[in-house]
Colleague: 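Below is one structure. I have some questions about it.
Each ligand, and each atom within it, is numbered from 1 in the order the structure gives.
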Amino acid sequence: MRTASTSRMDQLVSLCRRRGFLFQSSEIYGGLNGFWDYGPVGVLLKRNIKEAWWQDMVERHNELVAPPGAPGPYEMTGLDCTIIMHPQVWKCSGHYDLFHDEMVDCRETKKRYRYDQIRGRWVEHGGRRYFMTSMAESIEEAAEETERRALKLFKLRGKDAGKLVWEEWRMLPEIDNLADVVGPDTTTPGTLTEPREFNLMFKTFVGAMEGREHEVFLRPETAQGIFVNFKNVLDSTRVRIPFGIAQIGKSFRNEITPRNYTFRSREFEQMEIEFFCHPDASAAWYRYWRDRRLQWYIGLGLSGERLRLREHDREELSHYSTGTADIEYAFPFLEPGEFGELEGIAHRGDFDLRSHMEGKLDPATDPLELERDAEGRPKWRGSGKDLSYRDPVTGERYLPHVIEPSAGADRATLAFLCEAYCEDEVPDEKGKLQRRTVMKFHPRIAPVKAAVFPLVKKEGMPEIARRIYGALKRQMTVFYDEKGAVGRRYRRQDEIGTPYCITVDGQTLQDGTVTIRDRDTLEQWRVAESAVVEQIVARITGDDAP
Ligand code: GAP
C-alpha cells in the first residue's frame, strides 16, 4: 500500500527528472547511490537558494545597525576554503576519532546497513520466533515486505498470513541476540554481523605515494576551514568581534545508507556560518541566530506548519554548549508527524578554537581537557598558534565563543521543491477545467523568472516578443517560447515554477501593451511594453529579504 505522501513524493521525483531539476549521477551507467546531479533547471534553483542565503546573511548585512532581535550590530565576512585540508585538522576537530556510524554487514547478501536505521518486528509461528527487519522507507512498505519474507521463512502460503503473530515495530539496537534477526534482504536468520564502527570521511592520498603518511580526507563539513582561518581573517581584515564568517561549499560523507532522494547524499553542499562572540553574550547571540534562521526559511516560502524549530533537550547537549536547535521540515517521504533536519544552530562554546590551538579536547570532560594517549601525551597535537582575541577597546584577551548556523543547500533545495509542488485545476482557452502541476516557488528562488510568448508566429508578434525577451535577459533568467498552443506553453512554465508569463497578442499591435500572467493567481493584466522590465524586476526582487 502506498501512502498519499509517498505517491506525492513519487510524482515530485518524476517531475524533477522530466523537467530537468535532478538526475541520478552517472545515470547511463546505472547511477551511483547517494550522488545526484542538478539539471538545467535544478542548477538555477539551487544557485538562487545559495545566492539568497549569501545575500541575506553576508552581502546585504548592514554592520552599522543592530538587526531586529540582535544583541547589537555585527560584521559578516566570507571564505572559500579547500575541500582537502591538512589531516591534523580532522584529528583535532574530532572527526578522525568520532565521526562514525555503526554498521552491520549481511554475511549472505554482502549488503551493509546502518545499525540504527534498521527496523523490524518480532513474528511468531509454530513455537518459532524471529525478528524480521526491513529498510523500507515507509511503515506500510516495511509491513508488506516483512510479511512476504516471514511467509517464505515459515514455508506458509499467502492465505495463511493470519497465522503469523506480530509484535510492535522496534529498532535493531533494542534487540540483544542477532542470531534471531532476519536481515533486511534475506530470509535466513542470523546472517547480520555485530555492529562495527565505520568512519564517514572519504579517504584519498596526496601525491604519487599511497600510505598512511600521505592519507588525506575530503571534508565532511565546511566549518573547520573557517576555524583554521580565524586568525588569518582577523589579521587580514578589520573585522572585530562580534562577527561571522560564512562559507558555501561541498562536503562529503560516506553515508552507509543514503536515502530519501537528496536528503542523505554522499556529496552535498553546506551553507555554514561560524559566528564569533564574547562568551558573556553568546547565549543572546545563539537565540538571535536560531530565530533569524527560522525566519529565513519562512520568508522564502516554507510554510509554518511543515516547518518547526526543535530545541535539543539538556541530555542531548554537549556540556560546553548552552543550546542547540534544529530547524526541521515535514518532508513528504517521512511518516506523518515526523520531521527531518534542515539546519542545525549550535552553541559550540570555545571547543573548536581551543582544539585547533591546544590539541584535541575530550568532549566528555567538564571543564574541557586535552585528550591524552597511554603515555599521557596529547592524543592529537593542536597547531600551537594563539587563536585568542584581544578586544581593541577594553584590552581584554579571551577565546571567543562560537554560534554555528549550519544549513544544507541540497536539503533546503529539496524542502523548497517539496513545498512548491502543487496540483490544481485551471480553465483552458475554452474555459474547460484542466489539471495542472505547478511549482509555486518564491519568485526570488524560482529558476526562471519570466517567459515571453508571441501569441502567434506572425504579424510581427515574434519581433516584439524577442525585443522584450532581450531586455529582460539582461537582468534575469528568462525563457522565450513561440512553439505550440499558448495554454501548453503556460503549463510548461507552471511545471518549472516560472512566476510570470508575458504574452504579445493582437492588441499589442494596436496599443503597444502586453499581458502579464501571474502563475499562482492566474490573474492577467496589461502593461505597456516599455514598463515590462521595471514591473517584473520589482516583483521578483520585492524588498522582502528575510
Ligand atoms: N558543522 C556542523 C555540521 O556539519 P551537521 O548537522 O552534520 O552539522 C549540517 O550538518 C547540515 O548539513 C544538516 O542540517 C543538513 O542540512 C546538511 N547535511 C548533513 N549531512 C548531509 C547529507 N548526508 N546529505 C545532505 N545534506 C546533509
Colleague: Looking at ligand 1, does any of its N/O atoms fall within less than 3.5 Å of an N/O of Gly408?
Modeller: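 For ligand 1, there is an N or O atom that lies under 3.5 Å from one belonging to Gly408.
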Colleague: Name the closest protein heavy atom to atom 24 (N) of ligand 1, giving the residue it belongs to and the distance to 0.1 Å.
Modeller: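 The closest one turns out to be Ser265 N, 3.0 Å.
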Colleague: In terms of residue, atom name and distance, what is the protein heavy atom nearest to atom 15 (C) of ligand 1?
Modeller: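 Result: Arg411 NH1, 3.5 Å.
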Colleague: Judged on heavy-atom distance to atom 9 (C) of ligand 1, which of Ala346, Ser93, Ser406 sits nearest?
Modeller: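 The nearest heavy atom belongs to Ser406.
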Colleague: Distance to 0.1 Å, residue and atom name: give those for the protein heavy atom nearest to atom 25 (C) of ligand 1.
Modeller: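 Closest protein heavy atom to atom 25 (C) of ligand 1: Phe263 O, 3.2 Å.
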Colleague: Output yes when the distance from some N or O of ligand 1 to some N or O of Thr262 is under 3.5 Å, and no in every other case.
Modeller: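 No; the residue has no nitrogen or oxygen that sits under 3.5 Å from a nitrogen or oxygen of the ligand.
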Colleague: Test the Lys203-Phe217 pair against the cation-pi criterion, namely NZ or CZ under 6.0 angstrom from the six-membered ring centroid and within 45° of the ring axis.
Modeller: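 Here Lys203 fails the 6.0 Å and 45° test against Phe217.
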Colleague: Salt bridge between Asp97 and Lys360, side-chain N to carboxylate O under 4.0 Å?
Modeller: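 So Asp97 pairs with Lys360 through a salt bridge.
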Colleague: Ring pair (Phe, Tyr, Trp, His ring centres under 6.0 Å) between Tyr74 and His61: does it pass, once the steps are laid out?
Modeller: CA-CA 9 Å; Tyr74 63 90; His61 171 69; 4.1 Å; yes
Colleague: Under a heavy-atom criterion of less than 4.0 Å, does Leu342 contact ligand 1?
Modeller: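 Leu342: in contact with ligand 1 (<4.0 Å).
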Colleague: What is the nearest protein non-hydrogen atom to atom 14 (O) of ligand 1, stated with its residue, atom name and distance?
Modeller: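 Here the nearest protein heavy atom works out to Glu341 OE2, 2.6 Å.
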Colleague: Quick one, Ser265 and Glu267 - any side-chain contact, counting heavy atoms below 4.5 Å?
Modeller: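 They are not in side-chain contact.
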Colleague: Among all protein heavy atoms, pick the one closest to atom 18 (N) of ligand 1 and tell me residue, atom and distance.
Modeller: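 Nearest neighbour among protein heavy atoms for atom 18 (N) of ligand 1, to 0.1 Å: Phe268 CE1, 3.5 Å.
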Colleague: When Lys50 is tested against each of Glu269, Glu59, Glu272 for salt bridge (charged side-chain N to carboxylate O under 4.0 Å, His left out), which residue passes?
Modeller: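 Testing Lys50 for a salt bridge (charged side-chain N to carboxylate O under 4.0 Å, His left out) against Glu269, Glu59, Glu272 leaves exactly one candidate, Glu269.
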Colleague: Out of all atoms in ligand 1, which are within 4.0 Å of some heavy atom of Glu404? Include the element for each.
Modeller: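 So the atoms of ligand 1 that pass are 1 (N), 2 (C).
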Colleague: Could you check which of Glu221, Arg253, Met271, Glu272 puts a non-hydrogen atom nearest to atom 5 (P) of ligand 1?
Modeller: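 Selected option, by shortest heavy-atom distance: Arg253.
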Colleague: Can a salt bridge be assigned to the pair Arg310 and Glu316 using a cut-off of 4.0 Å between side-chain N and carboxylate O?
Modeller: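 Looking at Glu316 together with Arg310, the answer is yes, because their closest N to O distance falls below 4.0 Å.
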Colleague: If you measure from each non-hydrogen atom of Glu255 to ligand 1, which part falls under 4.0 Å: side chain, backbone, both or neither?
Modeller: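 Contact part for Glu255 vs ligand 1: side chain (C-beta onward).
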Colleague: For atom 10 (O) of ligand 1, find the nearest protein heavy atom and state the residue, atom name and distance (0.1 Å precision).
Modeller: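 Here the nearest protein heavy atom works out to Gln270 NE2, 3.4 Å.
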Colleague: Give the atoms of ligand 1, by number and element, whose distance to some non-hydrogen atom of Ala223 is under 4.0 Å.
Modeller: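 Within the 4.0 Å cut-off of Ala223, ligand 1 contributes 1 (N).
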Colleague: Are Lys379 and Asp362 within salt-bridge range, i.e. N to O under 4.0 Å?
Modeller: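 Salt bridge absent between Lys379 and Asp362.
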Colleague: Count the heavy atoms belonging to other residues, nucleotides or ligands that lie under 6.0 Å from CD of Glu194, then report whether that count exceeds 12.
Modeller: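 At most 12 heavy atoms, drawn from other residues, nucleotides or ligands, come within 6.0 Å of this atom.
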Colleague: Could Glu343 and Arg293 be called an ion pair, given the rule that one side-chain N must be under 4.0 Å from one carboxylate O?
Modeller: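 Looking at Glu343 and Arg293, the cut-off is met.
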Colleague: Test your reading of the structure: does Ala407 have an N or O sitting under 3.5 Å from an N or O of ligand 1?
Modeller: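 No, there is no polar N/O contact under 3.5 Å.
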Colleague: Please check if any side-chain donor atom of Tyr398 sits under 3.5 Å from a side-chain acceptor atom of Asp391, or the reverse.
Modeller: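 Checked: Tyr398/Asp391 side chains show no N/O donor-acceptor pair below 3.5 Å.
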